[in-house]
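First the structure, in the form of structure tokens, and then the observations on it.
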Amino acid sequence: MTFSELGLKSELLKGVEELGFETPTPVQQEAIPVLLDGANDLVALAQTGTGKTAAFGLPLLNLTDQDFFKPQSIILSPTRELGNQIATDLKTFSKHMKGVKIVSVYGGANISTQIRELKRGCNIIVATPGRLVDLIKRGVADLSNIDRVILDEADEMLNMGFKDDLDLILNETPEDKNTWLFSATMAREVERIASNYMSDPQKITVGSKNEGSKNIDHKYYVVQNRNRFPALKRLVDVNPEIFGLIFCRTKRDTQEVADRLMAEGYSVDALHGDLSQQQRDRVMDKFRRKKIQLLCATDVAARGIDVKNISHVIHYELPEDIESYTHRSGRTGRAGEKGESLAIITDRDKFKIGRIEKIMKTKFSKDTIPNGDLVCELQLFKLIEEVKTQKIEVSEFAKYKERILEELSEFSKEEIIEQFIAKDFNKFIKYYKNSDDINSVGRERGGRDRDRGDRRDRGGRDFRGGRDRDRGGRDRDRGDRRDRGDRGDRGRGNRDGRKGADEGFKTIFVNVGSTDGLDKGGLIDFVCKNSDVRGRVIGKIRMNEKFSFIEVENASSDRILGGLQGSDHDGRSLRAEFAKPRD
Ligand code: AMP
């Protein structure tokens, strides 16, 4: 099937052709003819990366009355990044259509500018729900002529707490409008929206429910918790050409992993809700233009990312909500490309892999974190390949040639090769020499292998020379928190610890944190010293500025609590108690 067979206007076909789209993707083939009719509600279950934007964007543009300069369509998206992506795509599709004006409005940016833009007029509004509600309440969004509302990534908007905003928008828009809902997953709340606000919607499912792209290889690696970071480094090092996304659960972890990688010279930056919009835009722009090789992101912040050629998605931690795995992994393997989705897990997470396999109807393969030799070999031959294909600026080089030859005259050809290779390669050899196997051998060893972890890796030696230290700052610009993807750390300061401890562990709350000059390692040492226990009985630690949560094995929990209560840190009497389980 071709685009022209779908019944689109010639101006749109021209735009599509210029974009290089040759044949419609399955979701486009199914959705476009249905939507062009203009009389249908629609529920489409399709993964990210399947061509959803054109699936609703082309019929929406086709139906837009170019002679009527009032908002006719609203497209709602969970994040500003996705909203901007949609607006850009729509502008590209409609390049040859006269009289189409698209305005995007989103939280975290100056509302007055957006009000002015809306007042100047448009026929399509792309918005994040929170900001649109603000604009509706201020009476600047004219909804009286809205013919259709498109909910993109509806499941994610609901996950992010936009339920009330969506309800308000759907209630405020004319009753006879059409609603087109796109979602990767059919969560209960999505079904609720469909049944409350749609009449007899057409249903399209591309691939089976929740199914991920067939082009993605899913692998998992089992390591001890404290070896997550060295494992991540090895996965990156063993894929020298990687252009990847690293997902962490919280903003804090995201920034921490990015900072550690940056400090060790990796080309990386962080994207999360604590960054201002400008910082996020700058980071995204760098990533899109491949100025950085790796992007560490929270689930929410990464929602809008449609960057071509992402080779790997690495799950530094599996998402809390398993369905997010679909979204994360869908960032690679887009538009027919191949991709890999690599999950670093601990023994305790193994059951989640089975659940994801079931939900996504896909199979994971268990892989092992490569050993140091393999990493070195790969890096060495990458370096040799680079040397072979290096372009030489002949004229510049000629000036120095004689002197260079003279300086190197004492070396044989082999020695010169060795010297040049060693210059870049010694750092890898040094780092990986005698490095341990960091693959977990399972819980049956009673966790003892935790102590055997790769100390060299853990030491985080800086072997890359610290390139690209532009870390984009951390200012805490206010704005629409929800639009900025502020999900990860919600509930900070709540003594219940947000999340219960894993089985076999209890969580202890202590009133010391990073402002007390402690890091996680320092806190472990402090616990071991005061409670006379070994580090291996300690599990995950979540550290805030003024307090921390420490997971400890059940059997040692009373002893640790007793040791910590009333102990003294820097002259301050410490308070410790078991954290209340999540309600
Ligand atoms: P989307 O799911 O809309 O985010 O699209 C994913 C990617 O596929 C984007 O980079 C689109 O530009 C690209 N794409 C969408 N439709 C087509 C098509 N028919 N042919 C080729 N590429 C497409």
Side-chain angles (χ1 to χ4, degrees), residues 1-8 12-33 35-36 42-62 73 75-95 102 104 124 126 150-157 180-185 204-207 210-216 243 245 284-285 287-290 297 301-311 313 326-339 341:
M1 189 183 265
T2 61
F3 278 100
S4 52
E5 286 170 275
L6 293 173
L8 294 162
L12 277 172
L13 288 176
K14 216 166 150 195
V16 168
E17 197 186 323
E18 282 176 17
L19 264 174
F21 292 4
E22 282 168 8
T23 45
T25 64
V27 69
Q28 292 160 3
Q29 289 187 26
E30 291 207 45
I32 293 173
L35 298 178
L36 274 181
L42 176 87
V43 173
L45 284 189
Q47 305 305 310
T48 51
T50 50
K52 280 185 297 162
T53 317
F56 65 75
L58 293 171
L60 176 148
L61 288 162
N62 209 91
S73 308
I75 301 164
L76 294 171
S77 109
T79 61
R80 166 199 164 122
E81 280 85 3
L82 181 59
N84 276 344
Q85 184 86 43
I86 294 169
T88 309
D89 284 358
L90 259 53
K91 282 176 193 163
T92 318
F93 300 148
S94 60
K95 197 170 136 195
I102 300 154
S104 358
I124 298 169
V126 184
I150 291 93
L151 309 174
D152 195 17
E153 311 226 337
D155 49 348
E156 194 54 25
M157 289 196 279
W180 304 347
L181 181 152
F182 287 76
S183 180
T185 56
I204 292 177
T205 304
V206 180
N210 299 320
E211 197 177 300
S213 157
K214 293 268 183 296
N215 300 328
I216 306 170
F243 177 56
L245 257 173
M284 268 318 295
D285 185 54
F287 188 57
R288 216 181 289 284
R289 291 190 296 121
K290 302 199 165 47
R303 287 318 305 260
I305 298 180
D306 173 26
V307 175
K308 290 202 171 60
N309 306 112
I310 291 182
S311 63
V313 167
T326 320
H327 290 296
R328 287 180 172 192
S329 56
R331 304 287 130 197
T332 181
R334 288 168 90 75
E337 296 157 6
K338 285 261 172 234
S341 175

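Quick note: residue numbers are just sequence positions, from 1. Basis for what follows: all heavy atoms, side chains included, without hydrogens, waters or symmetry-related copies. Indexing begins at 1, ligand by ligand and atom by atom, following the structure's order.
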Q.
Once you restrict to heavy atoms under 4.0 Å, what part of Gln85 touches ligand 1? Side chain, backbone, both or neither.
A. neither
Q: Could you see which bit of Leu19 sits under 4.0 Å from ligand 1, with heavy atoms only: side chain, backbone, both or neither?
A: neither
Q.
On a heavy-atom basis, I'd like to know which of Phe3, Phe182, Phe21 is closest to atom 13 (C) of ligand 1.
A.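 Nearest heavy atom to atom 13 (C) of ligand 1 lies in Phe21.
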Any atoms of ligand 1 less than 4.0 Å from a non-hydrogen atom of [X]? List them with their elements.
X: Thr53; answer: 1 (P), 3 (O), 4 (O)
X: Lys52; answer: 1 (P), 2 (O), 3 (O)
X: Thr25; answer: 16 (N), 17 (C), 18 (C), 19 (N)

Q.
Between Ile75 and Leu90, does the side chain to side chain contact (heavy atoms under 4.5 Å, CB included) criterion hold? Intermediate values first, please.
A. CA-CA 11 Å; Ile75 301 164; Leu90 259 53; 3.5 Å; yes
Any side-chain heavy atom of [X] within less than 4.5 Å of one from [Y]?
X: Phe243; Y: Val307; value: yes
X: Phe3; Y: Gln28; value: yes
X: Thr53; Y: Gln85; value: no
X: Leu58; Y: Pro24; value: no
X: Asp89; Y: Leu19; value: no

Q) So is Thr23 in contact with ligand 1, going by heavy-atom distances below 4.0 Å? A)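 Checking ligand 1 against Thr23, which is what was asked, there is a heavy-atom contact under 4.0 Å.
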Q: Kindly confirm or rule out an N or O of Gly51 lying under 3.5 angstrom from an N or O of ligand 1.
A: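 There is such a contact, yes.
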Q. Do Thr50 and ligand 1 have an N or O pair less than 3.5 Å apart?
A.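 Yes, at least one N or O pair falls under 3.5 Å.
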Q | Donor-acceptor pair between Glu5 and Thr2 side chains, under 3.5 angstrom | A | yes
